[in-house]
Amino acid sequence: MPPELGPPEFGAADLADDLALAHRLADEGGAIALDYFTRGVEVRRKDDGSPVSDADEQSEGAIRAIVRAVRPDDAFLGEERGASGSGTRRWIVDAIDGTYAFVRANPKWAVLLALEIDGEVALGLTWSPARDLRCWATRGGGAWRRTGDGPTTRLHVSSTTELADATFGMLGTHGSDLMRNAFGVTYPARGYPDHPALLVADGTHDVSMHLAGGPWDHAAMVPIVEEAGGRFTDLAGGRRLDTETAVFTNGLLHDAVLARVAATPGS
């Protein structure tokens, strides 16, 4: 069950209804995905070579149907079925982030949900049903994490101020050459214990770079990291979600990270 919204800091008042809906969407989509995860699912390849399964499609379909019924004027962008609708409010959804893990019975996958209002991501939520782990944030409402029936804790980024002391992560192996040339970082053989951007939000990492991906891969993380005190831009320093790149930092290192990338040959 989603955590109670609790006191005012759990969500800005004008986003409380949207946050409650986001929890519902994650629950519905996550339940479908978890059922497939438990009993196994066959994987297919999309045109771009990435994996997809019935679980991805049915989970996104269920989330879309609820948004269409409850917020019929809201637009929707999902990884599997693309864009629908128009307007100033848009839900951005990856029904199963981490499909490679999902189809290998690795529990490190999640439902990613974001609500964009007037071009800015106002709400982000991640729900990992197989680990019973949920993180969320609303603008002005802070960033929060809860595992199972445990306490709800507020997320805070690190206080690292020097690149030489920074801990880095990256999403996947895309951009490995750039990360190695700019920062001497390689992707760990066993991956990360959580989504790299969430590791920035909770202070485990100082920097996370995502050098390939769609808006659905990045959007939910934007308010979570920023409400935890960090910063997001694309690799060029803008705030676009459609450049395939995302840089999440503790904020203190952000300008230095972008400057180092810009000074790296071939970046």
**Student:** Distance from Arg68 atom CZ to Ile63 atom CD1, nearest 0.5 Å?
**Tutor:**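 Reported to 0.5 Å precision, the distance equals 12.5 Å.
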
**Student:** Tell me, please, which residues at least two apart from Ala110 pass side-chain contact (heavy atoms from CB on, under 4.5 Å).
**Tutor:**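 Expected list: Leu112, Ser128.
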
**Student:** Should Tyr192 and Leu198 count as side-chain neighbours, where that means a heavy-atom distance under 4.5 Å?
**Tutor:**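 No. Closest side-chain heavy atoms not under 4.5 Å.
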
**Student:** Might you point out which heavy atoms bring Ala122 and Leu15 nearest each other, and give the distance in Å?
**Tutor:**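 So the minimum-distance heavy-atom pair works out to O-CD1, 3.5 Å.
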
**Student:** Are side-chain heavy atoms of Val247 and Thr245 found at a separation under 4.5 Å?
**Tutor:**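 Val247 does not reach Thr245 side chain to side chain.
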
**Student:** With sequence neighbours left out, which residue pairs that include part of residues 112-122 fulfil the side-chain hydrogen bond (donor to acceptor under 3.5 Å, both in side chains) condition?
**Tutor:**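 Non-adjacent pairs meeting side-chain hydrogen bond (donor to acceptor under 3.5 Å, both in side chains): Arg90-Glu116, Glu120-Arg239.
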
**Student:** May I ask you to test the Thr243-Leu235 pair for a side-chain heavy-atom distance under 4.5 Å?
**Tutor:**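 Heavy-atom side-chain distance check fails, nothing below 4.5 Å.
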
**Student:** I want to check something: taking the side chain as every heavy atom from C-beta on, are Thr160 and Leu252 in contact at a cut-off of under 4.5 Å?
**Tutor:**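 No, every pair of side-chain atoms sits at 4.5 Å or beyond.
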
**Student:** Is there side-chain contact between Ile66 and Glu28, with at least one heavy-atom pair below 4.5 Å?
**Tutor:**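 Side chain of Ile66 against side chain of Glu28, heavy atoms only: contact under 4.5 Å found.
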
**Student:** Between atom OG of Ser208 and atom CG of Leu171, what is the distance when rounded to the nearest 0.5 Å?
**Tutor:**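 With rounding to 0.5 Å, OG (Ser208) is 6.5 Å from CG (Leu171).
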
**Student:** So, are Asp27 and Arg24 salt-bridged, with charged N and O less than 4.0 Å apart?
**Tutor:**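 A salt bridge is absent here (no side-chain N lies under 4.0 Å from a carboxylate O).
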
**Student:** Do you know the tightest heavy-atom contact between Ser176 and Met170?
**Tutor:**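 That would be OG-SD, 4.0 Å.
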
**Student:** Can you get from Leu34 to Leu133 by hopping between Ile, Leu, Val, Met, Phe, Trp and Tyr side chains that sit under 4.5 Å apart?
**Tutor:**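 No, Leu34 and Leu133 fall in different hydrophobic clusters.
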
**Student:** Please determine whether salt bridge (charged side-chain N to carboxylate O under 4.0 Å, His left out) holds for the pair Glu226 and Arg139, giving the CA-CA distance in whole Å, both sets of side-chain angles, and the decisive distance to 0.1 Å.
**Tutor:** CA-CA 9 Å; Glu226 293 187 334; Arg139 292 296 177 190; 2.7 Å; yes

**Student:** Using a 4.5 Å cut-off on heavy atoms from C-beta on, say whether the side chain of Val222 contacts that of Leu241.
**Tutor:**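 Leu241 vs Val222: side chains touch.
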
**Student:** When clusters are formed by joining ILVMFWY residues with side-chain heavy atoms under 4.5 Å apart, either directly or through shared neighbours, do Trp216 and Phe232 land in the same one?
**Tutor:**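 Yes, it is one cluster - the side chains of Trp216 and Phe232 are joined through contacts under 4.5 Å.
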
**Student:** If a pair satisfies salt bridge (charged side-chain N to carboxylate O under 4.0 Å, His left out) and one of its residues is in residues 193-203, list it, with sequence neighbours excluded.
**Tutor:**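 Those involving residues 193-203 are Arg131-Asp194, Arg145-Asp194, Arg145-Asp202.
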
**Student:** Can you name the nearest heavy-atom pair linking Ala219 to Pro223, along with the distance?
**Tutor:**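 Heavy atoms only, the tightest pair is O-CD, 3.3 Å.
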
**Student:** Of all the heavy-atom pairs spanning Trp127 and Asp132, show the shortest one and how long it is.
**Tutor:**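 Looks like CH2-OD1, 3.0 Å.
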
**Student:** Name all residues meeting the side-chain contact (heavy atoms from CB on, under 4.5 Å) criterion together with Asp242; count only those two or more places apart in sequence or in a different chain, and write none if there are none.
**Tutor:**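 Scan of Asp242 (side-chain contact (heavy atoms from CB on, under 4.5 Å), adjacent residues dropped) gives Arg240.
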
**Student:** Are Leu115 and Val111 linked, directly or through other ILVMFWY residues, by side chains that come within less than 4.5 angstrom of each other?
**Tutor:**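 Same hydrophobic cluster.
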
**Student:** Which atom names give the shortest non-hydrogen contact between Asp206 and Thr167, and what distance separates them?
**Tutor:**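 Closest approach of Asp206 to Thr167: OD2-N, 2.6 Å.
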
**Student:** Mind checking side chain to side chain donor-acceptor pair (under 3.5 Å) for Asn250 and listing every partner two or more places apart, or none if nothing turns up?
**Tutor:**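 With neighbours one apart ignored, the set is Ser158.
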
**Student:** Got a sec, which residues hit side-chain contact (heavy atoms from CB on, under 4.5 Å) with Ala95, two or more places apart in sequence or on another chain?
**Tutor:**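 Checked Ala95 against side-chain contact (heavy atoms from CB on, under 4.5 Å); matches are Ser59, Glu60.
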
**Student:** Hey, any chance Met221 and Ile117 share a hydrophobic cluster, counting ILVMFWY side chains that come within less than 4.5 Å of each other, even indirectly?
**Tutor:**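 Shared cluster, no.
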
**Student:** Determine whether Val93 and Leu77 satisfy the following criterion, side-chain contact (heavy atoms from CB on, under 4.5 Å), listing intermediate values before the conclusion.
**Tutor:** CA-CA 6 Å; Val93 173; Leu77 176 64; over 6 Å; no

**Student:** The criterion is ring-ring contact (aromatic ring centres under 6.0 Å, His included); which residues satisfy it with Trp109, sequence neighbours excluded?
**Tutor:**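 Trp109 satisfies ring-ring contact (aromatic ring centres under 6.0 Å, His included) with Phe37, Phe102 once adjacent residues are dropped.
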
**Student:** Can you measure from CG (Leu113) to CG (Leu19) and round to the nearest 0.5 angstrom?
**Tutor:**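 Reported to 0.5 Å precision, the distance equals 10.5 Å.
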
**Student:** For Gly140 versus Glu227, what's the shortest heavy-atom pair and its separation?
**Tutor:**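 Result for this residue pair: N-OE2, 3.0 Å.
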
**Student:** Would a line drawn from the ring center of Trp136 to the ring center of His23 be shorter than 6.0 Å?
**Tutor:**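 Yes, the ring of Trp136 comes within the 6.0 Å limit of the ring of His23, centre to centre.
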
**Student:** State which residues pass side chain to side chain donor-acceptor pair (under 3.5 Å) with Asn106; sequence neighbours excluded, sorted by chain then number.
**Tutor:**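 Not a single residue meets the side chain to side chain donor-acceptor pair (under 3.5 Å) criterion with Asn106.
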
**Student:** Test: ring pair (Phe, Tyr, Trp, His ring centres under 6.0 Å). Region: residues 53-88. Which pairs qualify, not counting sequence neighbours?
**Tutor:**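 Listed once each, the pairs would be none.
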
**Student:** Name all residues meeting the ring-ring contact (aromatic ring centres under 6.0 Å, His included) criterion together with His210; count only those two or more places apart in sequence or in a different chain, and write none if there are none.
**Tutor:**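 Scan of His210 (ring-ring contact (aromatic ring centres under 6.0 Å, His included), adjacent residues dropped) gives His195, His218, Phe248.
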
**Student:** Heavy-atom distance under 4.5 Å between the side chains of Phe183 and Val257, does that happen here?
**Tutor:**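 Yes; the side chains approach each other to less than 4.5 Å.
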
**Student:** I'd like to know whether Arg134 forms a side-chain hydrogen bond (donor to acceptor under 3.5 Å, both in side chains) with Thr147, so could you lay out the CA-CA distance, the side-chain angles of the two residues, the decisive distance to 0.1 Å, and finally the verdict.
**Tutor:** CA-CA 6 Å; Arg134 191 180 302 250; Thr147 303; over 6 Å; no

**Student:** With Asp217, which residues qualify under side chain to side chain donor-acceptor pair (under 3.5 Å), at least two apart?
**Tutor:**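 For Asp217, no residue satisfies side chain to side chain donor-acceptor pair (under 3.5 Å) once neighbours in sequence are set aside.
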
**Student:** Could I get the full list of side chain to side chain donor-acceptor pair (under 3.5 Å) partners for Arg71, not counting sequence neighbours?
**Tutor:**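 Here the qualifying residues are Asp18.
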
**Student:** Side chains of Trp144 and Leu155, heavy atoms from C-beta outward: is any pair under 4.5 Å?
**Tutor:**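 Counting from C-beta outward, Trp144 and Leu155 never come under 4.5 Å.
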
**Student:** Using the rule that two of Ile, Leu, Val, Met, Phe, Trp, Tyr join whenever any of their side-chain heavy atoms come within less than 4.5 Å, decide whether Leu258 and Met179 are in one cluster.
**Tutor:**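 Leu258 clusters together with Met179.
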
**Student:** Do side-chain atoms of Arg260 reach the backbone of Thr264 as a donor and acceptor pair under 3.5 angstrom?
**Tutor:**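 No, Arg260 side chain to Thr264 backbone: no donor-acceptor pair under 3.5 Å.
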
**Student:** Is Asp35 reaching over with its side chain to a backbone N or O of Ala31, donor-acceptor style, under 3.5 angstrom?
**Tutor:**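 It does not hold such a pair.
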
**Student:** Run the salt-bridge test on Asp255 and Arg231 with the 4.0 Å N-O cut-off and return the result as yes or no.
**Tutor:**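 Result for this pair is yes, salt bridge flagged.
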
